[in-house]
Amino acid sequence: MSKRKLIAGNWKMNGNLAANEALVKELLAGIGQPACDVVVCPPGVYVAQLQGLLAGSPIELGVQNVSTHENGPFTGDVSADMLKDFGVRYAIVGHSERRQHQAESDVHVAIKAKRALAAGITPIVCVGETLREREEGMTEFIVKRQLAAVIHLNGHCTSEIVVAYEPVWAIGTGKTATPEQAQSVHAVLRAQLRAATEQADRVRILYGGSMNAGNAAELLAQPDIDGGLIGGAALKAPDFLKIIGAAA
Ligand code: 13P
């Protein structure tokens, strides 16, 4: 599958005005003409700053969350249309940290994906099992259940999403899935997408979880790994640039 890979940086709740500017300037100084698509997802409060910093550059703007609602009395929420106003192109939905700490359910995640799509924003739908679920042989069941909710609600539009397989036990732990472990789950997800849409091969399935400058090339060489969703290493320009280089 020779689609253009996607390298996405999830900054999580890190950064400030000065640090964001320094990081983006270092990235833009080194990025040249990337052979893959590149997106950074800062904390939502910084989208206006990043829109300015990234204008006319090859790096696109993403966010880490979007409201399940369109507009109205939902204190603290930010809608997909509002994000679109600031040039946001991608929205991570269903990250395991939000499923865990904000009690986001599969249905919430599916609705968020739908809201993003309706606003012309590409949702990056995260799925992944915990260590316990893996040890109990539940990996396939869990990721399929998580993706099924999104497919069920979004129908043929599922071909417009990006999926990110992020095993919870690999996030921020330095314990990366082996390329074989990751590929085998990606193949399960691909088969599920194929059963849902004729356009399944267009869907990019990213791997996330301790991806770094040293292991990215091997992971990205797997047939169903179409990019990466990077946390810690996305905050260090030299490392993020190396991962972008590995996605050529
Ligand atoms: P790390 O790359 O820090 O393990 O984080 C992965 C992740 O959660 C990206 O969304």
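Indexing begins at 1, ligand by ligand and atom by atom, following the structure's order.
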Lys/Arg N to Asp/Glu carboxylate O, R115 vs D81, below 4.0 Å:
no
Touching ligand 1 at all, A170? Heavy atoms, strictly under 4.0 Å?
yes
Nitrogen or oxygen atoms of E97 and ligand 1 under 3.5 Å apart
no
Any side-chain donor paired with an acceptor under 3.5 Å for Q64 and W11?
no
Is it true that, when you exclude K144 itself, more than 12 heavy atoms of the residues, nucleotides or ligands shown sit nearer than 6.0 Å to its NZ?
no
Taking R89 first and then D37, would you say they form a salt bridge - that is, a charged N and a carboxylate O separated by under 4.0 Å?
no
Give a yes or no on this: more than 12 heavy atoms of other residues, nucleotides or ligands lie within 6.0 Å of atom CZ of F141.
no
Short list, please: which atoms of ligand 1 are under 4.0 Å from a heavy atom of G209?
4 (O), 6 (C)
Number the atoms of ligand 1 from 1 as they appear, then name those within less than 4.0 Å of a heavy atom of E166, with their elements.
6 (C), 7 (C), 8 (O), 9 (C), 10 (O)
Under 4.0 Å from one or more heavy atoms of G231, ligand 1 contributes atoms 1 (P), 2 (O), 3 (O), 5 (O), 6 (C), 9 (C)
Just to check, does S210 reach to within less than 4.0 Å of ligand 1 when the distance is taken from its heavy atoms?
yes
For A233, which part has a heavy atom under 4.0 Å from ligand 1: side chain, backbone, both, or neither?
neither
Just heavy atoms, cut-off under 4.0 Å: does N10 contact ligand 1 by side chain, backbone, both, or neither?
side chain
Polar proximity ligand 1 side, G208 side, N/O cut 3.5 Å exclusive:
no
Parallel under 30°, tilted from 30 to 60°, perpendicular over 60°: which one fits the rings of H186 and Y165?
perpendicular
Identify the closest protein heavy atom to atom 5 (O) of ligand 1: which residue and atom is it, and at what distance?
K12 NZ, 3.3 Å
Hydrogens and angles aside, do N65 and K112 bring a side-chain donor and acceptor to less than 3.5 Å of each other?
yes
Is the shortest side-chain N to carboxylate O distance from R4 to D226 below 4.0 Å?
no
Per-atom contacts of ligand 1 with G232, taking only distances under 4.0 Å to non-hydrogen atoms:
1 (P), 2 (O), 3 (O)
Quick one: which ligand 1 atoms are inside 4.0 Å of a heavy atom on H95?
7 (C), 8 (O), 9 (C), 10 (O)
